[in-house]
Amino acid sequence: MKYNFEKIEKKWQEIWNKEGTFNAKKNCALPKYYVLIEFPYPSGEGLHIGHPRPYTAMDIVARKKRLEGYNVLYPIGWDAFGLPTENYAMQNKIHPAVVTRDNIKRFKSQLMSLGLSFDWSREINTTDPSYYKWTQWIFLKMFEKGLAYKKEMAVNYCTSCKVVLANEEVIAGSCERCHSEVVRKIKSQWMLAITKYADRLIDDLDTVDYIDRVKSQQINWIGRSYGAEIVFPTSKGDNLVVYTTRPDTIFGATYMVISPEHELLEKWSDSIENYDEIVQYRYLASKKSDLERTELSKEKTGVEILGVSAVNPATGKKIPIFVADYVLMGYGTGAIMAVPGHDQRDYDFAKKFSLPIIEVVEGGDIEREAYVDCDKGLMVNSGFLNGLNVEQAKTKTVEWLMENGIGGNKVNYKLRDWVFSRQRFWGEPIPIIICDKCGYVPLKDSDLPLMLPELEDYEPGHEGESPLSRAEDWVNVSCPICGRAAKRETDTMPQWAGSSWYYLRYCDAGNENFLASKEELDYWMAVDWYNGGMEHTTLHLLYSRFWHKFLYDIGVTSQPEPYLKRTSHGMILGDDGQKMSKSRGNVINPDEVVKEYGADTLRLYEMFIGDFEKTAPWSSESIKGCKRFLDRVFDMVGFVVDGKDYSKDLEVLFHKTVKKVGEDIENMKFNTAIATLMTLTNEIYANKRLNKFEFEIFLTLLNPFAPHITEELWQMIGNKSMISAAEWPKYNPEKCQEDSIEIAVQVNGKVRGRITIDVDAEESEVLETARSNQQICEMIKGKTLIKELYVKGKIVNFVVK
RNA sequence: GCCGCUGUGGUGGAAUCGGCAGACACAAGGGACUUAAAAUCCCUCGGACUAAACAUCCGUACCGGUUCAAGUCCGGUCAGCGGCACCA
């Protein structure tokens with residue numbers, strides 16, 4: 001009989017679907033295991049060949065855990081708000097909800113065709129009002145606790161998408177999505193105070209099992225640094241506060257710089273002699289996009305503030321103050337003390353403006369460049385700090401600052417609060433009413449969900465105002481507190497909102513009274529294993545950890561962290577080694593692969609393609625090997641004879657294989673797990689005879705990788721129940737090794753012969769056998785034996801001279 | 001510039017704690033079966049030397065070190081990938 005994958009796969013998908021084979025049970029006495037993948041954005045292009053890689057990997061984990069007796073939750077849903085859908089809707093005059101529905105339909109049938117063991121009964125959709133009701137509810141809780149606030153601020157504005165972006169969405173000065181220019185614009189925006197959680201987001205990484213590169217990227221992104229704030233008096237009487245990580249270098253501070261947006265500039269406007277020049281500089285700086293600022297980073301620009309100066313509190317000397325855009329308003333205090341001797345940027349600036357450069361740590365050559373990495377040098381030209389090392393000087397300076405009441409230790413972060421407003425249609429409306437008298441008034445819980453209004457078109461306004469502002473019936477309301485005319489907030493939430501808590505909804509997807517019941521949350525949370533892309537490390541992953549911690553603080557969840565384990569998969573490239581793209585013409589369509597080879601082969605190949613964590617090029621040739629393997633597995637049924645135990649020939653190999661496949665799945669080494677099964681298959685083909693018991697073990701091991709074919713063969717050999725309800729095999733560690741093994745014998749570290757020994761043989765016995773080996777005898781004859789080594793079960797080495 | 005990662009046959013990749021480098025596949029070459037092709041099965045497959053095999057030597061980006069023994073550990077160099085980037 002021929003392996004008819006098309007028929008087999010259709011048959012089992014229908015059975016699983018009809019019976020809900022993989023639906024998780026509600027909270028119960030069984031041990032639980034929660035496996036999570038990042039739910040897809042249902043784009044118009046349909047499933048990408050890269051999607052099945054993580055989905056299959058986690059499917060393998062889920063299926064294995066089920067076979068091991070766990071109550072497994074492996075859910076799926078749709079992260080469906082967002083710009084591509086909205087843009088498509090605008091171009092084609094179709095409602096985004098309709099576009100979303102059609103895209104989901106296509107994605108769903110594609111995912112179904114892969115035999116993924118999702119619990120479809122818990123399917124969620126972030127654009128469903130019964131879902132975003134709770135996204136809005138969480139926002140209101142944050143508002144209630146003061147974590148959501150509105151602020152006039154310079155925001156990143158994408159000139160093409162006409163939308164405000166979060167810092168995380170700006171890549172090297174351009175829009176993450178469309179790569180257009182991003183400029184700064186002053187706007188009133190909703191913000192979420194993620195910075196209040198900065199320390200916990202770093203420190204709690206110690207309590208979870210994330211791959212190192214995820215941890216280090218998050219730590220890097222949050223960017224915690226320890227330093228000091230120092231107060232510099234000015235000639236205007238106002239104090240100018242700076243942040244520095246090098247308080248020890250204060251004697252070398254020969255000038256100061258404040259950022260163009262600094263508030264003191266306006267306050268000092270009357271006293272500044274060249275105020276016009278400064279206003280002009282500030283205007284030019286604001287016109288610069290982030291891209292230009294970055295590109296021009298080599299050449300420093302700035303203007304000296306004439307008429308106002310500061311005093312270095314350590315030296316007592318009068319020093320000038322400059323305005324320059326190399327100092328950012330968003331970090332520290334927006335002002336610095338410049339130490340050109342020991343900071344390259346200050347050095348470049350000082351050279352350009354002919355400012356004094358003083359060496360305060362010896363050991364460098366400040367004639368040539370700033371001496372930056374000067375941890376080992378001693379302080380000079382620094383009054384009471386002279387002779388100390390850098391660490392001592394830091395401590396002493398901070399003590400001195402505190403004694404004089406002009407500063408102290410300070411921790412700073414690169415992380416900024418999350419810009420949460422979007423001026424677009426296809427997002428969750430922010431459930432706030434703006435009243436002239438009462439301010440920002442939250443909707444009552446009973447008024448949620450606040451549904452999106454119906455609109456004729458979804459174009460944003462020319463000044464970047466939200467399309468919702470045109471829905472006058474919807475916008476104009478009366479204030480819930482005072483009853484006067486008021487307006488709804490017209491901004492919507494960013495795409496990251498719905499995905500910040502979706503894993504909680506899966507625990508109790510249909511709940512109408514709350515985002516999920518306490519019982520189900522306590523049973524299922526935390527997620528045991530979450531796999532996703534590296535590109536979400538500083539966005540989704542950080543955001544959702546923040547929301548989760550907030551929900552933990554208000555008692556919704558019982559664990560401080562949402563995900564116990566986080567891993568990441570590599571991308572699949574085109575067969576030319578380049579990223580797949582339409583323009584390169586190297587795109588592989590999963591539907592076509594399934595049609596030609598079947599889902600089991602696709603699954604197997606994507607797991608066999610290479611190290612799961614690394615990028616791998618697709619090969620239309622290599623996939624044939626996986627198909628060939630499944631053909632051989634199918635034909636194996638012809639070797640099966642009755643037998644309820646292992647045969648003598650294969651017993652050790654089977655025990656080894658059970659051990660290896662199980663461990664490899666746990667360690668994400670799917671490729672070597674498959675290689676091991678291939679080796680066993682080759683051995684079975686050499687024997688051409690297989691006990692039924694052995695075949696069942698083999699099928700169970702292969703089942704997580706290739707679920708359809710194994711289900712079919714399981715039935716073909718007479719089983720009434722499904723293999724999906726079988727038990728994961730166990731191995732006996734004692735039977736994982738042959739009684740006698742061959743080991744290599746080295747002379748001076750080079751293999752010169754091999755001997756067969758009993759596994760448990762004594763060292764002296766093994767060495768004797770090795771010495772009497774003919775080849776070895778000849779090699780060591782007439783030479784002095786200096787040392788002999790035996791590493792049990794591995795190797796013998798004779799050192800001779 | 002800073003942080004993280006990776007360099008192994010023609011290709012994708014194996015090698016648990018330092019113990020026989022190249023598992024498992026793909027491609028290629030040869031053979032069997034076939035009228036023929038496809039499919040399938042068998043053999044060869046890092047390099048040098050060799051008609052071939054045995055043997056020997058070389059070989060995990062490069063240079064050096066530790067060790068009886070290094071793809072693996074240490075120091076340095078080069079190349080590539082990812083993230084951040086005027087963060088004081």
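Everything numeric here is computed off the predicted structure, so don't read it as measured data. Below, read A as the first sequence line, B as the second, and so on, with proteins coming before strands; counting in each chain starts at 1.
Annotation: cation-pi geometry satisfied between A:R632 and A:Y685 (NZ/CZ under 6.0 angstrom from ring centroid, within 45° of ring axis).
For the side chain to side chain contact (heavy atoms under 4.5 Å, CB included) test, residues two or more places apart in sequence or in another chain that qualify with A:T245 are A:S225, A:Y243. Under the ring-ring contact (aromatic ring centres under 6.0 Å, His included) criterion, A:F232 pairs with no residue, sequence neighbours left out.
Closest approach to the A:K300 side chain among B:C86, B:A88, B:C24 is made by B:C86 (side chain taken as heavy atoms from C-beta onward). The listed nucleotides are B:A88, B:C24, B:C26; the one nearest the side chain of A:I336 is B:A88. Set against B:C26, B:A88, B:C20, the side chain of A:E621 has B:C26 as its closest nucleotide. For A:Y326, counting side-chain heavy atoms from C-beta on, the closest listed nucleotide (B:C68, B:C3, B:C86) is B:C86. Nearest nucleotide to the side chain of A:Q217, out of B:G83, B:C58, B:C68: B:G83.
Checking the phosphate oxygens (OP1, OP2) of B:A27, a side-chain nitrogen or oxygen of A:R628 falls inside 4.0 Å. Considering only side-chain N and O atoms, A:S225 lies under 4.0 angstrom from the phosphate OP1 or OP2 of B:A88.
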Requested in this report: Could you summarise the pairing of RNA chain B as dot-bracket text, marking Watson-Crick and G-U pairs under 3.5 Å with ( ) or [ ] inside the strand and | across strands?
Outcome: (((((((..(((......[....))).(((((.......))))).(((.......)))..(((((..]....))))))))))))....
Please set out all donor-acceptor pairs under 3.5 angstrom arising from side-chain atoms of residues 742-755 of chain A, sequence neighbours excluded.
| from | atom 1 | to | atom 2 | distance (Å) |
| --- | --- | --- | --- | --- |
| A:N748 | OD1 | A:V800 | N | 3.0 |
| A:N748 | ND2 | A:V800 | O | 3.4 |

In a table with atom names and distances, give each donor-acceptor pair under 3.5 Å that connects a side chain of residues 605-612 of chain A to protein atoms at least two apart or in another chain.
| from | atom 1 | to | atom 2 | distance (Å) |
| --- | --- | --- | --- | --- |
| A:Y605 | OH | A:S619 | N | 3.0 |
| A:E606 | OE1 | A:R53 | N | 3.0 |
| A:D611 | OD1 | A:E613 | N | 3.0 |

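Separation of the C1' atoms belonging to B:G18 and B:U66 is 12 Å when rounded to the nearest angstrom.
Shown for residues 658-672 of chain A: residues whose heavy atoms fall under 4.0 angstrom of RNA chain B, namely A:N671, A:T672.
Rounded to an integer number of Å, the gap from CZ of A:R752 to C1' of B:C68 is 14 Å.
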